[in-house]
Asks: 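Sharing a structure, written as structure tokens. Questions coming.
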Number of protein chains: 2
Amino acid sequence: MDQAKIRPIPEPSLRRLPAYLFYLRRMLAGGRDVISCPHIARDLHLDPTLVRKDLEATGMIGKPKVGYPIPQLVGTIEEFLGLHNTRDAFLVGAGHLGAALIGYEGFREIGLNVVAAFDADPAKVGGQLRGISVLPMDKLIELAQRMAVHIGIVTVPAAAAQSVADAMVTGGIRAIWNFAPTHLRVPESVVLEEVQLSSSLAVLSSRLNKMLAPE
Amino acid sequence: MDQAKIRPIPEPSLRRLPAYLFYLRRMLAGGRDVISCPHIARDLHLDPTLVRKDLEATGMIGKPKVGYPIPQLVGTIEEFLGLHNTRDAFLVGAGHLGAALIGYEGFREIGLNVVAAFDADPAKVGGQLRGISVLPMDKLIELAQRMAVHIGIVTVPAAAAQSVADAMVTGGIRAIWNFAPTHLRVPESVVLEEVQLSSSLAVLSSRLNKMLAPE
DNA sequence: TAGATTGTTAATCGATTAACAATC
DNA sequence: TAGATTGTTAATCGATTAACAATC
């Protein structure tokens, strides 16, 4: 059990947690108060043992024959994902993608709070992006330090992404969420999560190819 | 060798191919004409053997001591990913995310062509989204059939996503790229690729938590 | 109690990494 | 030729799935 705590959660498990969370919140809203792994597995089309392992990794324990109490389960997953902590973020690149992310409904559910946007384009600076002020790039480092913001979102073109990331690191940002179609380099001490849409499209395109190919 | 053809490429390999492609195109533009796996591996921070396996999976063969001819390598990867075929797509949900995707620079590099957008909002219908006409939802099925479009992009809210996907399937669309924060159900014969930003954010948030936690 | 579900250990599966002969 | 790189086979590693005793 001590060893279980030492071993980190597998990344695939981590990626499944939001799906559990959203599902469990719906169940809770529907008036349910306990649920079993086989039940979750049926609804989400997963293997029951896989679900059990995933829940186990969050530290949750259940009752044989009964299942897991949903309110505690929701709380445990939220806690595990760090949703109970402040999740203030800076967004750099006040274009459509930035606007889309700020308005993304999945965000509210997982509790990310964009407190300011930045852009290199003087025409955008001073304006608003979905109610968020757009500030000039040269304020980024100082403001990040002053406001102790820990998350930076990169939605600039590929060519500008690395210098934006460098500024974020200098400003003390500890986690960078990169949407630019390029791979960034950050120090070991900074968390980097990259959303490479090209990779996703490659999977789609290649599989479609195979599907349409005459055997 | 016959068995190698039968065995499908591992998904992680597939996801790395766009990175190779973009990198190799840059090398080619820089005047290089051959490259070795160790060289690629150094530049992209990957294991050399992993790179070799990935390239092997595309059917490419190299010369010992020399490496691989870059023009052929680029062509082989493009062919493998299906970029030489028409990649016309419909986009449903003419919001910021849709606009962002249409303008996404990574797309041009990988050759996706959005030919029409659709929206349920009458205020948006008849307008343009980055130069693409926005059509009413009830035209989707007929137009997809008539134009033989095979790719559908879903950028609507979670609540509307499944019905949009159903319409796409009815219209003969064979590959769905889903950005809505919900999991879709499609027939076996339809390729589904889901971009779950919540999963990505969960990874970021959880790792940041661990990083900031006092041991 | 009987039976379903949990918790846990073992088996399987697949991807990555290591080892090494073939080759240019 | 010597040496670097390819192609290929084996070892390792980690996630998923299967098996089964414990338990409510």
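Residue numbering restarts at 1 for every chain, and letters A, B, ... go by the order of the sequence lines.
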Asks: Are R15(A) and E193(A) ion-paired here, with the side-chain N under 4.0 Å from a carboxylate O?
Replies: yes
Asks: Can you check whether P38(A)'s main-chain N or O pairs, donor with acceptor, with R52(A)'s side chain at less than 3.5 Å?
Replies: no
Asks: What does the 5'-to-3' dot-bracket notation of DNA chain D look like when only Watson-Crick and G-U wobble pairs under 3.5 Å count, and pairs to other strands show as |?
Replies: ..||||||||||||||||||||||
Asks: Got I153(A) and V92(A) here, is their nearest side-chain heavy-atom distance under 4.5 Å?
Replies: no
Asks: Rounded to the Å, how far apart are Y68(A) OH and dA4(C) C1'?
Replies: 13 Å
Asks: Please enumerate all protein N or O atoms sitting under 3.5 Å from an N or O of nucleotides 22-24 of chain D, with distances to 0.1 Å.
Replies:
none

Asks: Quick one: does any side-chain atom of S163(B) pair with a main-chain N or O of A160(B) as donor and acceptor, under 3.5 Å?
Replies: yes
Asks: After noting the C-alpha distance and the side-chain angles of Q196(B) and H183(B), does the key distance pass the side chain to side chain contact (heavy atoms under 4.5 Å, CB included) rule?
Replies: CA-CA 9 Å; Q196(B) 292 298 337; H183(B) 291 277; 4.1 Å; yes
Asks: Mind checking the CZ-CG spacing from F80(A) to L21(A)? Nearest 0.5 Å is all I need.
Replies: 12.5 Å
Asks: Using every non-hydrogen atom in the two residues, find where E105(A) and P181(B) come nearest and quote the distance to one decimal.
Replies: CG-CG, 3.5 Å
Asks: Taking CG from L73(A) and P from dT6(C), how many angstroms apart are they, rounded to a whole number?
Replies: 11 Å
Asks: Do you see a donor-acceptor pair shorter than 3.5 Å between the side chains of R87(A) and S205(B)?
Replies: yes
Asks: Is E194(A) reaching over with its side chain to a backbone N or O of L184(A), donor-acceptor style, under 3.5 angstrom?
Replies: yes
Asks: What is the distance from atom CG of L101(B) to atom NE2 of H96(B), rounded to the nearest 0.5 Å?
Replies: 13.0 Å
Asks: If you round to the nearest 0.5 Å, how far is CG of L14(A) from CG of L81(A)?
Replies: 6.5 Å
Asks: To the nearest Å, give me how far apart CE (M60(B)) and C1' (dT5(D)) are.
Replies: 14 Å
Asks: Among residues 193-207 of chain B, which ones have heavy-atom contacts with DNA chain C below 4.0 Å?
Replies: none
Asks: Can you tell me how far C1' of dT5(C) sits from CZ of R42(A), to the nearest Å?
Replies: 11 Å
Asks: Can you check the I61(A) CD1 to dT6(C) P distance for me, whole Å?
Replies: 13 Å
Asks: Scan residues 26-40 of chain B against DNA chain C and write down, sorted by residue number, each residue with any heavy atom closer than 4.0 Å; if none is found, say none.
Replies: none
Asks: If you compare every side-chain N and O of R52(A) against the phosphate oxygens of dG7(C) (OP1, OP2), does one of them come in below 4.0 Å?
Replies: no
Asks: Between E11(B) and R16(B), is there a side-chain N and carboxylate O pair less than 4.0 Å apart?
Replies: no
Asks: Any N/O pairs under 3.5 Å between the protein and nucleotides 16-18 of chain D? List them or say none.
Replies:
from, atom 1, to, atom 2, distance (Å)
dT16(D), OP1, R16(A), NH1, 3.0
dT16(D), OP1, R16(A), NH2, 3.4
dT16(D), OP2, R16(A), NH2, 3.2

Asks: Evaluate the side-chain proximity of L208(B) to L212(B): yes if any heavy-atom separation is below 4.5 Å, no if none is.
Replies: yes
Asks: Enter the distance from S36(A):OG to K63(A):NZ here, rounded to the nearest 0.5 Å.
Replies: 14.0 Å
Asks: I need the full list of side chain to side chain donor-acceptor pair (under 3.5 Å) pairs touching residues 66-75 of chain B, with sequence neighbours left out, sorted by first then second residue.
Replies: none
Asks: Treating R146(A) as the side-chain partner and I141(A) as the backbone partner, does any N or O pair qualify as donor plus acceptor under 3.5 Å?
Replies: no
